[in-house]
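Single-structure report; data block below.
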There are 2 protein chains.
Amino acid sequence: MSERDGRTPVMADVARLAGVSHQTVSRVLNGHPNVRTETVTRVRAAIEELGYRRNPSARALVTRRTNLLGVLTFDSTLFGPARTLAAIENAAREAGYFVSVVSLDGVTRQAVIEATARLAEQSVEGCVALAPQRAVVEALADLSGLRPLVAVEGGGGSGLPVVRVDQEGGAYAATRHLLDLGHRTVHHIAGKRDWLEGEARVEGWRRALAEAGAPVPAPAHGDWSPRSGYELGLRLAGERARGAEVTAAFVANDQMSIGVLRAFHENGIEVPGDVSVVGFDDIPETEYLTPALTTVRQDFTQLGRSAVELLLAALADGGTGDAAPARAVVPARLRVRESTAPASGAPGHW
Amino acid sequence: MSERDGRTPVMADVARLAGVSHQTVSRVLNGHPNVRTETVTRVRAAIEELGYRRNPSARALVTRRTNLLGVLTFDSTLFGPARTLAAIENAAREAGYFVSVVSLDGVTRQAVIEATARLAEQSVEGCVALAPQRAVVEALADLSGLRPLVAVEGGGGSGLPVVRVDQEGGAYAATRHLLDLGHRTVHHIAGKRDWLEGEARVEGWRRALAEAGAPVPAPAHGDWSPRSGYELGLRLAGERARGAEVTAAFVANDQMSIGVLRAFHENGIEVPGDVSVVGFDDIPETEYLTPALTTVRQDFTQLGRSAVELLLAALADGGTGDAAPARAVVPARLRVRESTAPASGAPGHW
DNA sequence: GCCTCAGATGTGAGCGCTAACAATGTTGCC
DNA sequence: GGCAACATTGTTAGCGCTCACATCTGAGGC
């Protein structure tokens, strides 16, 4: 029984080589205090010599801790989610956790159930959901398993701890910026329906208009893609051609803004000469567009970091404190570049 | 001992409730053939009633299979890696595997060692490395642990199975396209030094020029960012102003192309009127730039899928076949849009 | 009727680790 | 010297599961 051929060494092998018991090896591995320095050295040497690695399954079995955090992601191809995911991985690593990623196959309840099951199958200790759609968050809140769970951009009222960017504030700042430049009103090309981020941006835009007593045009909903931005930009250009007063547009993300810019260009509308445009996200490209896009920067790194912090806190809490789900809000800051200018004929604020 | 209070149920609890042995429960769970239908139903019901979930650690301990695939990623914020990661997750899921992501902290050997250790600590069954830098691939090839391992864009000669896009062919096609339009030569704004993808694109560009007997200007190396594209675009514009013949540029990725476009615009250089530009990647934005960018499309989805396929094959193989590391090459296709035009005064091919 | 064989189920051992406890050796203090 | 207190190490018993094997049933063949 003591022969191990070429099989991976186990703790007992290390113990034998170091001339101690397996428990002492365990103690060394776990940094227990009362082990003689000389013993530690010997054990370390044996570990090194055998190339021993502790079996995480065996460890997890007895400690009931997997050191695994789950991340539920919807579309990690978009800029925001990709950044956030990276930040989560970093924060988790620093806290000594591993990260297992599961992506959602769609926004159906069924997809959420499957993804949740997949996560549960791995017995993750906790989970971060990057699920910005209302439907997903609701499905998630219903499912009893998989706690603790932190929702990123999850909206309120779901009873889940939530980490989010101040979308509403960012949108308000963007709209306000345009109004301050003397534009009588601001048109809005919104994000995909049902996306909480998009809805919050609509709210912020609406609030700024209301505060200024400006007319509120009906927002047009895109799907975040450049293509939809282009199509809705075309529509806006058409309205303008038919005499509507279109001098400023707040677009719900940078990718759509690029489409809008193109649509305006094709219709001979100058940005910012004829129409000012503000985007959202501050993707790396915006600064080098022509014109460089005024936009709202979201700190995705902070977002991911906060999500992990909240999750770890909930983990430490041990499931208490259900009364008041924690929240964290990351600020969004306006970045003024070239795509916004005073309304023609208007004095503006400066 | 049979009381379990509020603790999570285990297989024995299910067995007791269903009136069978734990082994029968195990058989049901694992879909073994010889179990009576009626028994299966009863066990299923008990599982449902208790909300039982099999403990993956216990299972992994005895089967020696974790069902975990590791993904080593460098910068999942870039478009390509993000897409590839998503594709890997999908393919892994279909094959019944989970995916654990570890991101590299830099390109140092030390970072690779740490990331590798992190992956090994989880006893992943295999690993996909999204590590396009030469240094990383070399460090990876050296480290003995962590096999099987498939490198994505890993270059040859490392002895590792490799999945990659036909960068060289894509670059050749892009350059060829420009030459075919009558341009005497094509300037190249290359990617970051040491990145294998970038180097392959340089090769393809060089081969097309050599084949056509065209002069080979020195390539300028950027870092993939729009900013670096802008700076090198400025440089190219300067050369042109000083009388150099610059009528066509092949830029190693779309993000840099955006910077180049901006630099040209600022210098009154028309695209494609004065200079034709081709990018690489086909990010969603390119189609809506002004002008829409001619570029080379990489199929990242296929790339991720192939990586998992190769990994699973190596897993099934059980470590044999070290002699000839497997390879898979995904094609890259030119997408002609608006940023390329015949050289002024040249007849071109059409 | 008895034996065979396959289908259906149960039993026991053990995967590699940690936690609890037991058993030493070691020191300090009166 | 003796005894407490502590440091250091070893022993034992599982964690929850699957594997190999043993057992038991009933159908079928002669």
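Predicted model, so just to flag it, every value in this text is computed and none were measured. FYI, side chains are in, hydrogens and waters are out, and symmetry mates aren't considered; it's all heavy atoms of this structure. In the text below, chain A, chain B and the rest are named by the order of the sequence lines, each starting its count at 1.
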Would you tabulate the pairs of protein nitrogen or oxygen atoms and nucleotide nitrogen or oxygen atoms of nucleotides 5-7 of chain C closer than 3.5 angstrom?
none

Straight-line distance of [X] [atom1] to [Y] [atom2], nearest 0.5 Å:
| X | Y | atom1 | atom2 | result |
| --- | --- | --- | --- | --- |
| Ser21(A) | Met11(A) | OG | CE | 10.0 Å |
| Leu315(B) | Leu311(B) | CG | CG | 5.5 Å |
| Arg53(B) | Asn55(B) | CZ | CG | 12.0 Å |
| Leu140(B) | Leu149(B) | CG | CG | 5.0 Å |

Sorted by chain and number, sequence neighbours left out, ring-ring contact (aromatic ring centres under 6.0 Å, His included) with Phe98(A) holds for none

Atom [atom1] of [X] to atom [atom2] of [N]: distance rounded to whole Å?
| X | N | atom1 | atom2 | result |
| --- | --- | --- | --- | --- |
| Arg65(A) | dC17(C) | CZ | P | 18 Å |
| Arg42(A) | dT8(D) | CZ | P | 13 Å |
| Arg16(A) | dC17(C) | CZ | C1' | 15 Å |
| Leu61(B) | dA13(C) | CG | P | 18 Å |

Determine: side-chain N/O of Ser21(B) to OP1/OP2 of dT11(C), distance under 4.0 Å, yes or no. no

With a 4.0 Å cut-off, would you call Glu114(B) and Arg93(A) a salt bridge? no

> So what does Thr39(B) touch, heavy atoms closer than 4.0 Å: a base, only the sugar-phosphate, or nothing?
Replying inline: sugar-phosphate

Quick check: does any side chain N or O of Glu121(B) sit under 3.5 Å from a backbone N or O of Pro56(A), one acting as donor and the other as acceptor?
no

| query | Can you check whether His22(A)'s main-chain N or O pairs, donor with acceptor, with Ser26(A)'s side chain at less than 3.5 Å? | reply | no

Atom pairs under 3.5 Å, N or O on each side, protein against nucleotides 17-25 of chain D: can you list them with distances?
from: dC17(D); atom 1: OP1; to: Tyr52(B); atom 2: OH; distance (Å): 2.2
from: dC17(D); atom 1: OP1; to: Asn55(B); atom 2: N; distance (Å): 3.1
from: dC17(D); atom 1: OP2; to: Met11(B); atom 2: N; distance (Å): 2.6
from: dT18(D); atom 1: OP1; to: Asn30(B); atom 2: ND2; distance (Å): 3.4
from: dT18(D); atom 1: OP1; to: Arg54(B); atom 2: NH1; distance (Å): 3.3
from: dT18(D); atom 1: OP1; to: Arg59(B); atom 2: NH1; distance (Å): 2.9
from: dT18(D); atom 1: OP2; to: Ser26(B); atom 2: OG; distance (Å): 2.7
from: dC19(D); atom 1: N4; to: Gln23(B); atom 2: OE1; distance (Å): 3.0

